[in-house]
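Per chain, numbering begins at 1; letters A, B, ... match sequence-line order.
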Number of protein chains: 2
Amino acid sequence: MKQQNASESSPFKHDQADDSPGFLLWKLVALWQGKLARIFNEFSITQTQFAIMASLLWFEQQHEPPTQARLVEHAKIDKMTLSKAIRKLEEAGLVHREPSAIDTRSIQVRFTANGRELIHQAIVAVERADDEFFSCLTEQQLASYKALTISIVAGNSP
Amino acid sequence: MKQQNASESSPFKHDQADDSPGFLLWKLVALWQGKLARIFNEFSITQTQFAIMASLLWFEQQHEPPTQARLVEHAKIDKMTLSKAIRKLEEAGLVHREPSAIDTRSIQVRFTANGRELIHQAIVAVERADDEFFSCLTEQQLASYKALTISIVAGNSP
DNA sequence: GGCATATAGTAACCTAGTTTACAATGATTG
DNA sequence: CAATCATTGTAAACTAGGTTACTATATGCC
């Protein structure tokens, strides 16, 4: 029983019913992404755009210079993807871009009033979704879930 | 302090350091997806193609007729996405498609020898990654993590 | 100053996946 | 049997995102 050829043996270590932690995570993520997708849809933005605007808001609150390069760093998004996303956001009238006076290569990104308003609302909506999503857990369970997640993140961080 | 306008108040309920469960989940998923992406890359397949082939293998083991429509149902993938993915898999010599004799609209998808071999190896690799990813937890913690995840999935299933 | 090297951003191209609309066949019911 | 309805799969157009290769500017070093 030690060696079998591919057509006879099953590679599945767990039955689908049994559920490996990875497969469970997969299902969880599908649900979570779905919930987020619905929100982003309402606001007509993508996940990426949300991440960018949330970072931008963060910078604004920290009074850090919001150049694209800094956003790339902070939001951990590919710089080309960011470049294009910012253009879209500009088209949509949510941000505008102004060349920096200090470093003329770089571009400062700033919210329009609309953009700032939208990201505020979106963040609130996401946080509400978050609450809802985990509302089936007790305080204790939630604390435990967070602690475990933190461990796993820590155990797998580069 | 009850009412503030958007430019003054912060919508962030949690500090980034504090970490809402959703944000933690986001980070976890980023790591997990990254790990999977590296594997899929090695095998030159996409996540979608992996899911499809895993479903197909499942059908094969259950001796169920592997039509595209059945795959769509089981893998919960959009039928157009599946149609195109299958074509790619055929191009890559991993499956072939043969019109069904019973229902001439439908198409039966079958592994080639290469395809079957590849999905076996990929599944093993994914399961190893899975083990690795959660290896920082003790047995007990893992059991607890799974139980909590199952609760959340159950609490958010349609 | 002047040359090498790093950095900010982008244009052009590529791929995966989604939406919409449709053709072909099968099932159902009068 | 014929008219209607459902199912299977696809073509075409579109979008988001990523890769490669490039321009322009800045910085460091002699």
Point to revise | Residues within residues 99-110 of chain B bordering DNA chain D, heavy-atom distance below 4.0 Å | key: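 Residues of residues 99-110 of chain B under 4.0 Å from DNA chain D: Arg105(B), Ser106(B), Ile107(B).
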**Study point:** OP1 or OP2 of dT10(C) under 4.0 Å from side-chain N/O of Ser83(A)
**Key:**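 For dT10(C), OP1 or OP2 has a side-chain N or O of Ser83(A) closer than 4.0 Å.
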Point to revise | N or O in side chain of Thr67(A) less than 4.0 angstrom from dA8(C) OP1/OP2 | key: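 Answer is no, no contact under 4.0 Å.
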Review point. Can you list every pair that meets ring pair (Phe, Tyr, Trp, His ring centres under 6.0 Å) and has a residue in residues 137-158 of chain A, with sequence neighbours left out?
Key: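 Ring pair (Phe, Tyr, Trp, His ring centres under 6.0 Å) check on residues 137-158 of chain A returns Phe134(A)-Tyr145(A), Tyr145(A)-Tyr145(B).
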Exercise for review: For Arg128(B), enumerate each residue passing the side-chain contact (heavy atoms from CB on, under 4.5 Å) test, keeping only those at least two apart in sequence or located in another chain.
Suggested key: Val124(B), Ala125(B), Glu132(B)
Review point. Got a sec, which residues hit side-chain contact (heavy atoms from CB on, under 4.5 Å) with Ala75(B), two or more places apart in sequence or on another chain?
Key: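 In terms of side-chain contact (heavy atoms from CB on, under 4.5 Å), with neighbours along the sequence ignored, Ala75(B) is linked to Ser55(B), Ile77(B).
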Rounded to whole angstrom units, what separation is found between the [atom1] atom of [X] and the [atom2] atom of [N]?
X	N	atom1	atom2	result
Glu98(A)	dA8(C)	CD	P	18 Å
Arg87(A)	dA8(C)	CZ	P	17 Å
Arg97(A)	dG9(C)	CZ	P	9 Å
Asn41(A)	dT18(C)	CG	P	13 Å
Gln68(B)	dA24(C)	CD	P	18 Å

Practice item. Test side chain to side chain contact (heavy atoms under 4.5 Å, CB included) on Ile123(B) and Met53(B) and set out the steps. Key: CA-CA 10 Å; Ile123(B) 287 172; Met53(B) 287 198 285; over 6 Å; no
By salt bridge (charged side-chain N to carboxylate O under 4.0 Å, His left out), which residues pair with [X], not counting sequence neighbours?
X	answer
Glu91(B)	none
Glu73(A)	Arg70(A)
Asp131(B)	Lys13(A)
Arg38(B)	none

Point to revise | Divergence of helical axes at both termini of the helix from dG1(C)-dC30(D) to dG30(C)-dC1(D) - five pairs an end, 10° steps | key: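 It works out to 10° between the end axes.
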Review point. Are Gln33(A) and Gln47(A) linked by a side-chain donor-acceptor pair shorter than 3.5 Å?
Key: yes
**Study point:** Neighbour count above 12 (heavy atom, 6.0 Å) for Glu98(A) CD
**Key:** yes
Review point. If we only count heavy atoms from C-beta on, is the Lys84(B) to Lys88(B) side-chain gap below 4.5 Å?
Key: no
Would you tabulate the nitrogen or oxygen pairs shorter than 3.5 Å linking the protein to nucleotides 19-22 of chain C?
none

**Study point:** Full working for side chain to side chain contact (heavy atoms under 4.5 Å, CB included) between Thr81(B) and Val72(B)
**Key:** CA-CA 9 Å; Thr81(B) 302; Val72(B) 161; over 6 Å; no
Check your understanding: What residues form a side chain to side chain donor-acceptor pair (under 3.5 Å) with Arg87(A), not counting sequence neighbours?
Key -> none
Study note, to complete from the structure: Nt span of DNA chain D in reach of chain B heavy atoms at under 4.0 Å, 5' end first, is dA6(D) to dA13(D)
